[in-house]
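Some notes on the structure that comes next.
A note on names: the letters A, B, ... follow the listed sequences, proteins ahead of strands, and every chain is numbered from 1.
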Number of protein chains: 2
Amino acid sequence: MTATPATCDRILDAAERLFAEEGFYATSLRQITQAAEANLAAVNYHFGSKQALILAVFRRRLDALNKARLARLDQAQEGNAAPELEDVLEALIVPALAFTHGSADDGHRFMRILMRAFADRDDQLHRALSAEYAHVMRRFASAIATALPGLSERRLRRQLDFIVGALTYTMAESTSSDAREIADDLVQFAAAGLRSAVSVRHPDGAPRTLEIHS
Amino acid sequence: MTATPATCDRILDAAERLFAEEGFYATSLRQITQAAEANLAAVNYHFGSKQALILAVFRRRLDALNKARLARLDQAQEGNAAPELEDVLEALIVPALAFTHGSADDGHRFMRILMRAFADRDDQLHRALSAEYAHVMRRFASAIATALPGLSERRLRRQLDFIVGALTYTMAESTSSDAREIADDLVQFAAAGLRSAVSVRHPDGAPRTLEIHS
DNA sequence: GTATGATTGAAACAGTTGTTTTAATCGTGC
DNA sequence: GCACGATTAAAACAACTGTTTCAATCATAC
């Protein structure tokens, strides 16, 4: 449409890039507005405060990512047959890594800030994000539970933490070139880990045996 | 010894706590010195700069953690027999989670800052930490390679990223109460994921089979 | 006891931060 | 053409930042 996007979007773009490069608090509004070719007061005018700007940057991306994940999960579940474990994991993982892989370095950069946000545990930013994540994670947890019965809710939650941790770390760490291959590896890795968890836990020191379940 | 520790250590303790609570850049030297009951100038006098203080906080903990990990790996390797995969993973994981579990909330808090540091990818802090990690990770990578042959170096590296990601995320997320149980779960999870990776990669859509290796 | 070096205390420095304010400008509907 | 709300511009604000300075204090060795 317009040759240059509206001021609001230019600010969001510049903020996302600079946040990823410098961090939230190391990035000043003056840097952002200068990079966005906007006036300093514009960010307070449009967003209200710097904190609100940060949240807006996150929402824009997370809405898209979670929508893509849930759409893929819906698709896997649409035949009334329950999807296989790998299909659920792919719905969780592939959109995330495809997003990392996405046009230019946008996604990759964004995931670096996402990790940063996870580290900021106790402030309002993390709480707002967790609320958004909680909804998605609950659906995935129950989808996994039906695909792989026999795990207590507590342990399932923990295994999901393992997977989300591996995913988040990988997204922040890996170059964007081979996203599909990494996603396949991670799905396989996560599925094997989950399946091993439904086996009876090995006694300490004893040689481990794998039990294959139905 | 002395009733109150030396100023240097009081500053390190206060800085670690505040960094975990507020973040590096949101924490001012005035907060730190006030909490440490030291003078503002003390931190520049003893450490040189704020950046050097941050590095000192990290070194103190990482030295201890990596030493513990390598000691446990040494012990597992000391009989000339190569240790089992689970033993290698335990050397990597258990000290880290035990550290999280450690006295009070120190370790748990510290790991939150560690994640923060990983997010700060491109500055000197991360480079200094990576150099320290690289040494340890190389030893663990080769120990895993002998315990579980058949993985290309590239894929092994990637699997290790999965594991470190799961570990780091879990350390930052979990409460410190049940560290041993979580460690057991994660070792089992990681071992199963690794073993599944040496199997031939499954063709898309085909039903997956588990191959049990020696 | 006194001299010497390490440490601390309090204040000041120069610079940057997020936010607010006021005036100027732009776009649109009448 | 004009008026009115939305947007932008530029400057000022008050507060806070890391760092430096310089005198006061402390501990220790002689």
Completion exercise
Between CZ of B:Phe47 and C1' of D:dT20 the distance, given in whole Å, is 18 Å
Practice task
Determine yes or no for a side-chain-to-main-chain donor-acceptor pair under 3.5 angstrom, with B:Arg69 supplying the side chain and B:Val136 the backbone.
Solution key: no
Handout entry: side-chain N/O A:Thr7 vs D:dT8 OP1/OP2, d < 4.0 Å
Key = yes
Completion exercise
Here the distance between atom P of C:dG9 and atom CG of B:Leu29, to the nearest Å, is 16 Å
Practice task
Step by step, work out the salt bridge (Lys or Arg N to Asp or Glu O under 4.0 Å) result for A:Glu181 and B:Arg154.
Solution key: CA-CA 12 Å; A:Glu181 193 184 324; B:Arg154 193 159 127 276; 2.8 Å; yes
Practice task
Using whole Å, report how far CG of B:Asn44 lies from C1' of C:dA11.
Solution key: 15 Å
Handout entry: Contact under 4.0 Å: B:His46 side-chain N or O vs C:dA6 OP1/OP2
Key = no
Exercise for the section: Would you kindly give the CD-to-P distance between A:Gln34 and D:dA10, to the nearest whole Å? Expected result: 13 Å
Handout entry: Among D:dT8, C:dT8, C:dA11, the one nearest B:Leu40 by side-chain distance
Key = C:dA11
Completion exercise
A:Tyr25 OH to D:dC16 C1', in whole Å, measures 16 Å
Exercise for the section: Would you check, one step at a time, whether the test salt bridge (Lys or Arg N to Asp or Glu O under 4.0 Å) holds for B:Arg180 with B:Asp184? Expected result: CA-CA 6 Å; B:Arg180 181 67 221 191; B:Asp184 286 343; 3.0 Å; yes
Practice task
Verify salt bridge (Lys or Arg N to Asp or Glu O under 4.0 Å) between B:Glu86 and B:Arg195, making sure each step is shown before the conclusion.
Solution key: CA-CA 11 Å; B:Glu86 271 83 358; B:Arg195 290 214 171 85; 3.1 Å; yes
Completion exercise
Walking DNA chain C from its 5' end, the first of A:Thr27 and A:Ala41 to be reached, judged by nearest nucleotide, is A:Thr27
Problem - Step-by-step salt bridge (Lys or Arg N to Asp or Glu O under 4.0 Å) determination, A:Lys67 to A:Asp74 - result: CA-CA 10 Å; A:Lys67 195 174 297 184; A:Asp74 284 339; over 6 Å; no
Completion exercise
Rounded to whole Å, the CG-P distance (A:Asn39 to D:dA9) equals 5 Å
Handout entry: Residue-phosphate contact under 4.0 Å: A:Ser28 side-chain N/O, C:dT17 OP1/OP2
Key = yes
Exercise for the section: Rounded off to whole Å, could you give me the CD1-to-C1' distance for the A:Ile32 and C:dT17 pair? Expected result: 12 Å
Fill in the blank from the handout: Whole-Å distance, B:Leu53 CG to D:dT17 P, equals 15 Å
Fill in the blank from the handout: Note: for A:Tyr45 and A:Arg30 on DNA chain D, the residue whose nearest nucleotide lies more 5' is A:Tyr45
